[in-house]
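This report concerns only the one structure given below.
Every chain is numbered from 1 and lettered A, B, ... according to where its sequence line falls, protein lines coming before strand lines.
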Amino acid sequence: IAGITQAPTSQILAAGRRMTLRCTQDMRHNAMYWYRQDLGLGLRLIHYSNTAGTTGKGEVPDGYSVSRANTDDFPLTLASAVPSQTSVYFCASSGGLAGGSDTQYFGPGTRLTVL
Amino acid sequence: GQNIDQPTEMTATEGAIVQINCTYQTSGFNGLFWYQQHAGEAPTFLSYNVLDGLEEKGRFSSFLSRSKGYSYLLLKELQMKDSASYLCAVRDRDYKLSFGAGTTVTVRA
């Protein structure tokens, strides 16, 4: 069982280019999340999806879009990358069931550098 | 929203005990999580508290006081492999997590 996979592992991107970060989970989790992690700021939520077909905005959604066409995949797109989007991006998933711990499990991350 | 504070760094000796404090202010509390993150890796789940009191899991324990907006993670019998960042996260009523900036623990021989 792979859990959550992310691709690419790392990427250097020219400013203004479009980029899609991929995230796939095989745990049949309902909820999925995208975070960015910057030094001194911790993990910040970009977008989330409580179930296939629905998405919502997190704390820092500007410049990013997501889609959730099925349960397993939750791609994050940067339509026109800017240097401030240089960060480590983590995808996470959770069962999405109300009650209980509903722990989030994280993918290995994508290190993105925008020049 | 959430406002979560934890110390930036802590250093301790192998075999010792370290306590990482986390204070939070929240508009709707629905659980508190601790994650461990080694450098260059993903965060991994350590503990979850939703009711007041102590939760113990081997060498790691986590405590919660909802009335004080306070939690701590206790690491006992420290090992070199415990050198990592420890992230405090508060869940709101919409089941979204807000994270503190993390506490980097360095274990010295």
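- Between the side chains of A/T77 and A/T20, at least one donor-acceptor pair of N or O atoms lies under 3.5 Å.
- With a 4.5 Å cut-off on non-hydrogen atoms, A/Q37 touches chain B through its side chain but not through its backbone.
- If you tally non-hydrogen atom pairs under 4.5 Å between each of A/Q104, A/R44, A/R111, A/E59 and chain B, the highest count goes to A/Q104.
- Classification of the A/Y35-A/F106 ring pair by plane angle, with boundaries at 30° and 60°, yields tilted.
- Side-chain contact, A/Y33 with A/S94: a donor N or O sits under 3.5 Å from an acceptor N or O.
- Checking A/D73 against A/T24 by side-chain atom types alone, a donor-acceptor pair falls below 3.5 Å.
- For chain B, the nearby parts of A/L43 are the backbone and the side chain; heavy atoms of each come within less than 4.5 Å.
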